[in-house]
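These values consider heavy atoms only, across backbone and side chains, with no hydrogens, waters or symmetry-generated copies.
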Amino acid sequence: MTFGEKLTGLRKREGLSQEALVEQLGVSRQAVSRWEQGAALPDAAKLLPCARLFSVDVEWLLDEEQDGEDRLSAAEFLQGTERPSVHRDWPWYIAGGIVTGAGSLGMVTMGILSAVFPVVVSEAPAGVEWVRIYTGLAGFLKAHGVEWLFALWAAVALAGLWLLAQPPIRRREQTASQFSSWYAAGVAVGLYGVGQTAWYVQLGKLRDLPLLALFLAAVWCTVRQFWRLGGEPDETRRRQERIIALLYTVAQGVLLLLTAEAGFGLVALVLHIGVYFICAAAITWRRSGRGKH
């Protein structure tokens, strides 16, 4: 089995397009095409990253005497099988599942308690003419002063989701993506903080200085994100990812306005996080090459 046949089989096994492999290895599409056709071999600087990407040995890739049966059965090689790295991923998945389950169970339990023991709480801040009524889960949390506990369970569930997301993130460390999940998270946290702080300022519970600080932090993260995306060499992908980032920022801004006006609290936090994951999934889908066909 030639190097080109092995490379083609490994690429298809992983569900990668040629464009995605080009991005992973930092080479031209013509180079990958020539490798797969058997017209050329990669230089030494690209052989090791290629072997690491598919969790195989360089010697096996180059030795035409060794075919798929030396690593896997022929059918498994062409159709796909579990890679050794999958075994290393199980601790992440187990820990993430347990932590996410614990956090979700805590939130569901508090939701059930709020339904079994319904409470109605009214809030009339001084100097305003309106009264806000809290019912359901929000009323239960305010009446018993356990909003912090619900937030803690939510944080535990989010930590579990973070653990579950680590294996694919670590496998894509070599992807030449300019999109920063950290700046995107900074935008979400900053704008949520702006909206919630604005609501508390209306209630007279906070002064407006934290509002300005959070707003500036969100603006800084947004500017840095677009600056990074400007470094994408592919003009089409740069434009597409900037559009995704723009829509993401607009969606987070709409949630900010809703939070500032109605004080959605934990509901708004969940929505901010949901928009964040949707954006990250869209970028990942584009980067995997599946969004091109």
Side-chain angles (χ1 to χ4, degrees), residues 1-94 96 164-179 181 232-241 244 277-293:
M1 184 176 286
T2 66
F3 173 84
E5 292 171 335
K6 292 177 182 178
L7 180 62
T8 302
L10 290 168
R11 178 175 63 77
K12 291 181 177 179
R13 187 190 75 180
E14 298 300 316
L16 295 174
S17 65
Q18 281 194 346
E19 292 88 345
L21 184 59
V22 164
E23 292 175 2
Q24 295 275 10
L25 299 178
V27 297
S28 67
R29 182 171 180 177
Q30 289 76 11
V32 171
S33 180
R34 287 171 57 82
W35 297 347
E36 293 190 350
Q37 292 171 6
L41 289 174
D43 57 33
K46 296 301 180 185
L47 273 173
L48 186 57
C50 185
R52 286 177 175 172
L53 177 63
F54 297 115
S55 298
V56 296
D57 299 326
V58 172
E59 180 182 357
W60 177 81
L61 278 175
L62 296 176
D63 191 350
E64 295 187 4
E65 297 297 323
Q66 300 185 51
D67 58 17
E69 294 180 357
D70 293 306
R71 292 280 303 180
L72 320 159
S73 72
E76 287 176 332
F77 175 73
L78 294 175
Q79 296 176 8
T81 188
E82 184 177 68
R83 293 189 300 169
S85 62
V86 173
H87 295 292
R88 297 195 296 269
D89 293 342
W90 278 115
W92 289 103
Y93 289 129
I94 293 174
L164 290 172
Q166 289 311 295
I169 289 175
R170 288 169 179 267
R171 284 197 295 270
R172 288 193 298 270
E173 284 181 347
Q174 293 181 337
T175 302
S177 176
Q178 298 298 324
F179 178 81
S181 58
E232 167 60 52
D234 188 306
E235 183 178 354
T236 300
R237 181 171 287 112
R238 180 171 65 247
R239 182 173 61 253
Q240 292 170 341
E241 293 190 354
I244 293 175
F277 277 113
I278 290 173
C279 176
I283 292 291
T284 300
W285 182 62
R286 292 296 311 171
R287 281 287 168 182
S288 69
R290 292 189 290 272
K292 297 182 180 181
H293 305 290

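- The distance from the CG atom of Leu48 to the CG atom of Asp57 is 10.5 Å, given to the nearest 0.5 Å.
- Between Val58 and Ala51, the shortest heavy-atom distance links the atoms CG2-CB, 3.7 Å.
- To the nearest 0.5 Å, atoms CG (Leu7) and CG (Leu41) are separated by 10.5 Å.
- Atom-to-atom distance recorded for Leu25:CG and Leu47:CG is 10.0 Å, nearest 0.5 angstrom.
- Rounding to the nearest 0.5 angstrom, the gap separating the NZ atom in Lys12 from the CD atom in Gln18 is 9.5 Å.
- Within the 4.5 Å cutoff, side-chain heavy atoms of Arg11 are placed close to those of Thr8.
- With a 4.5 Å cut-off on side-chain heavy atoms, Trp35 and Leu21 do not count as touching.
- Every residue two or more places apart in sequence or in another chain that forms a side chain to side chain donor-acceptor pair (under 3.5 Å) with Gln37 is listed here: Ser33.
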